[in-house]
Structure formats: structure tokens, C-alpha cells
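The structure appears below as C-alpha cells.
The figures here come from the full heavy-atom set of this structure, side chains too, leaving out hydrogens, waters and symmetry mates.
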Amino acid sequence: SASDVGVSVSYGRQWRLRQRAEVGAGVTLNLLRRRLIDWTGYGVGLDGGVALHLLKSGVRVGLMAENITTTYMHWGEGYYELAYPHLRVGVGWHRDVPYLYGAIRLLYASPDLLSQEGANASTFLAEGDSLETPEELGITDPEFLFYGNFGLEYCIAERVSLRVGLQNLRRVAFGAGIAVLKRSLVFDFAYLTHHLAGSYAVSVSYRWP
């Protein structure tokens, strides 16, 4: 009964710092169509990010800014909404596993450091109860970082990826991806569980060297 369709155009650059690290930066222009039961909205926004990759350890640390220009969504008849900027920290770890013909990646993305995403956490009302009560956590709350997104990915021959994740300490997500045409064309699929109904996410992307 509801869907999001988006088109994103990204540009990024990477620089080598001697033989120890790489620094990358990029921006993404997002075009979005959001369809609800009786309404359809169209939006546009800009994201950006920087990342530091420590080559020897396989650790990557990044900072991502979403809705830099406050993403604008037009619903028609003079009604519109603005999505405020979000700032997130991401940490990843990569390790090649040659005897399994692949690589393992562990990933983490924090909640919004600017505390502008509203209810970003939830707790069960009682032990064994399937209902949840929403919470709005800020960076000063001790449990803030634990309510981010955690992910595990296994990549086979840099072509096929198998993924599982945990969102908000409550919702499990899993998916897969495949890269073809010398890894330029990428297809990804994910399923996110929820108490009401699950969500499907499908993307197709093309990367120029």
C-alpha cells in the first residue's frame, strides 16, 4: 500500500596517503517519489560524506551527512515537508578470507548525531510483549550508540554478497547482491522485518571507474 522509488546520482574521489591510508569524499543527488494510499509526493535532496580507510588493519571510518540542503518533498495542493539534516558516523572492518574465496565485512552506522530524526529507538513494554514504545534518544544518552544499525556481509569473489543486519536492536534484515559487467552493474535486494509488515528494498546501480 506504500512505496518509495528513488534515483540517485553520486560522484566521489579517493586519495592515497602514502601506503598507509586512503581518504575518500563524495556527494549524492537524490530524487524521490513516495506513494502513500491516497497521496503521492516528489522530493529532491543532497547527501555527502567523507571516509578514512586504514589499509593495513582493514578499518574504515566515515562521516555521512544526509539532507544537507533539507530534502524537499512536495505533496500537491500547497502542501510540502522538509527533512532536516542528519549526521551519522560509520565504522567498518574488512578481512579477506582466501581459502573461502571471499571476504568478511562488519559494519556499524550510528543514529543521527544531531538528534533530528524523532523517535529513533524503542523498547518492549514488558518482557515477552511484542508491542513497543517509541523513544527519542540523544547523543548524551548512554544507550544512544547501541540503537544504530549493525551489519555482517560475506562477499564471494567480489561478485556475490550475502548480508544480514540488525536495526534498532529490534528488526532483522537480510539480503544479497550480485555484480556483473566487470563489477560495474550491481543488483541488490533486501528484506526488513517489522511487527506490522515487512519491507522489500531493491536497487540497481551502475558504477563508472
Should side-chain heavy atoms under 4.5 Å link Ile, Leu, Val, Met, Phe, Trp and Tyr, which residues sit in the same cluster as [X]?
X: Tyr84; result: none
X: Tyr72; result: Tyr80, Leu82
X: Met73; result: Leu32, Leu36, Trp39, Trp75, Tyr79
X: Val5; result: none

Name each donor-acceptor pair under 3.5 Å that joins a side chain in residues 7-15 to protein atoms two or more places apart or in another chain, with its distance.
from: Ser8; atom 1: OG; to: Asn30; atom 2: OD1; distance (Å): 2.7
from: Ser10; atom 1: OG; to: Thr28; atom 2: OG1; distance (Å): 2.7
from: Gln14; atom 1: NE2; to: Glu22; atom 2: OE1; distance (Å): 3.2

- Message: Leu181: which residues meet the side chain to side chain contact (heavy atoms under 4.5 Å, CB included) condition with it, sequence neighbours left out?
- Response: Leu185

In Å and rounded to the nearest 0.5 Å, what is the [atom1] to [atom2] distance from [X] to [Y]?
X: Tyr154; Y: Ser161; atom1: OH; atom2: OG; value: 10.5 Å
X: Ser203; Y: Phe189; atom1: OG; atom2: CZ; value: 11.0 Å
X: Leu162; Y: Glu153; atom1: CG; atom2: CD; value: 8.5 Å
X: Leu166; Y: Phe146; atom1: CG; atom2: CZ; value: 12.5 Å
X: Trp208; Y: Tyr206; atom1: CH2; atom2: OH; value: 6.5 Å

Quick check: do [X] and [Y] have side-chain heavy atoms less than 4.5 Å from each other?
X: Val44; Y: Leu29; value: yes
X: Asp188; Y: Val202; value: no
X: Ser122; Y: Asn168; value: yes

- Can Leu192 and Gln167 be said to form a side-chain contact (heavy atoms from CB on, under 4.5 Å), step by step? CA-CA 9 Å; Leu192 291 77; Gln167 181 186 43; 4.1 Å; yes

- Message: If we ignore hydrogens and angles and just use 3.5 Å, is the side chain of Thr193 paired with the main-chain N or O of Val172 as donor and acceptor?
- Response: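 Yes; judged by distance alone, with no hydrogens or angles, the pair exists.
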
Only pairs under 3.5 Å count here: list side-chain donor-acceptor contacts from residues 48-62, not counting sequence neighbours, and write none if there are none.
from: His53; atom 1: ND1; to: Arg60; atom 2: NH2; distance (Å): 3.4
from: Ser57; atom 1: OG; to: Val59; atom 2: N; distance (Å): 3.4

- Are Val27 and Met64 connected in the hydrophobic side-chain network, where two residues link if heavy atoms are under 4.5 Å apart? no

- Should Leu31 and Val204 be counted in the same cluster of Ile, Leu, Val, Met, Phe, Trp and Tyr side chains packed under 4.5 Å apart?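 Shared cluster, no.
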
Quiz: residues 106-121 side-chain donor-acceptor pairs under 3.5 angstrom, not counting sequence neighbours:
from: Tyr108; atom 1: OH; to: Leu145; atom 2: O; distance (Å): 2.6
from: Ser110; atom 1: OG; to: Val89; atom 2: N; distance (Å): 3.0
from: Asp112; atom 1: OD1; to: Leu87; atom 2: N; distance (Å): 2.8
from: Asp112; atom 1: OD1; to: Leu114; atom 2: N; distance (Å): 3.0
from: Asp112; atom 1: OD2; to: His86; atom 2: ND1; distance (Å): 3.0
from: Asp112; atom 1: OD2; to: Ser115; atom 2: N; distance (Å): 3.3
from: Asp112; atom 1: OD2; to: Gln116; atom 2: N; distance (Å): 2.7
from: Gln116; atom 1: NE2; to: Pro85; atom 2: O; distance (Å): 2.7
from: Glu117; atom 1: OE1; to: Arg88; atom 2: NH1; distance (Å): 3.3
from: Glu117; atom 1: OE1; to: Arg88; atom 2: NH2; distance (Å): 3.1
from: Glu117; atom 1: OE2; to: Asp112; atom 2: N; distance (Å): 3.0
from: Asn120; atom 1: OD1; to: Leu137; atom 2: N; distance (Å): 2.9
from: Asn120; atom 1: ND2; to: Leu137; atom 2: O; distance (Å): 3.0

- For Ala103 and Asp96, work out which heavy atoms get closest and say how close. CB-OD1, 3.6 Å

- Shortest non-hydrogen contact between Leu46 and Thr71, atoms and distance: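 Residues Leu46 and Thr71, closest heavy atoms: N-OG1, 4.4 Å.
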
- Message: Using the side-chain hydrogen bond (donor to acceptor under 3.5 Å, both in side chains) criterion, which residues pair with Glu158? Sequence neighbours excluded.
- Response: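 With neighbours one apart ignored, the set is Arg183.
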
- Task: Can you sort out the partners of Gln19 under side-chain hydrogen bond (donor to acceptor under 3.5 Å, both in side chains), two or more places apart, ordered by chain and number?
- Result: Arg16

- Contacts of Asp141 that satisfy salt bridge (Lys or Arg N to Asp or Glu O under 4.0 Å) - sequence neighbours left out: none

- Message: Does anything in residues 31-44 form a salt bridge (charged side-chain N to carboxylate O under 4.0 Å, His left out)? List the pairs, not counting sequence neighbours.
- Response: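 Non-adjacent pairs meeting salt bridge (charged side-chain N to carboxylate O under 4.0 Å, His left out): Asp4-Arg34.
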
- Message: Looking at Tyr101, I want to see if its OH is surrounded by more than 12 non-hydrogen atoms of other residues, nucleotides or ligands under 6.0 Å.
- Response: no

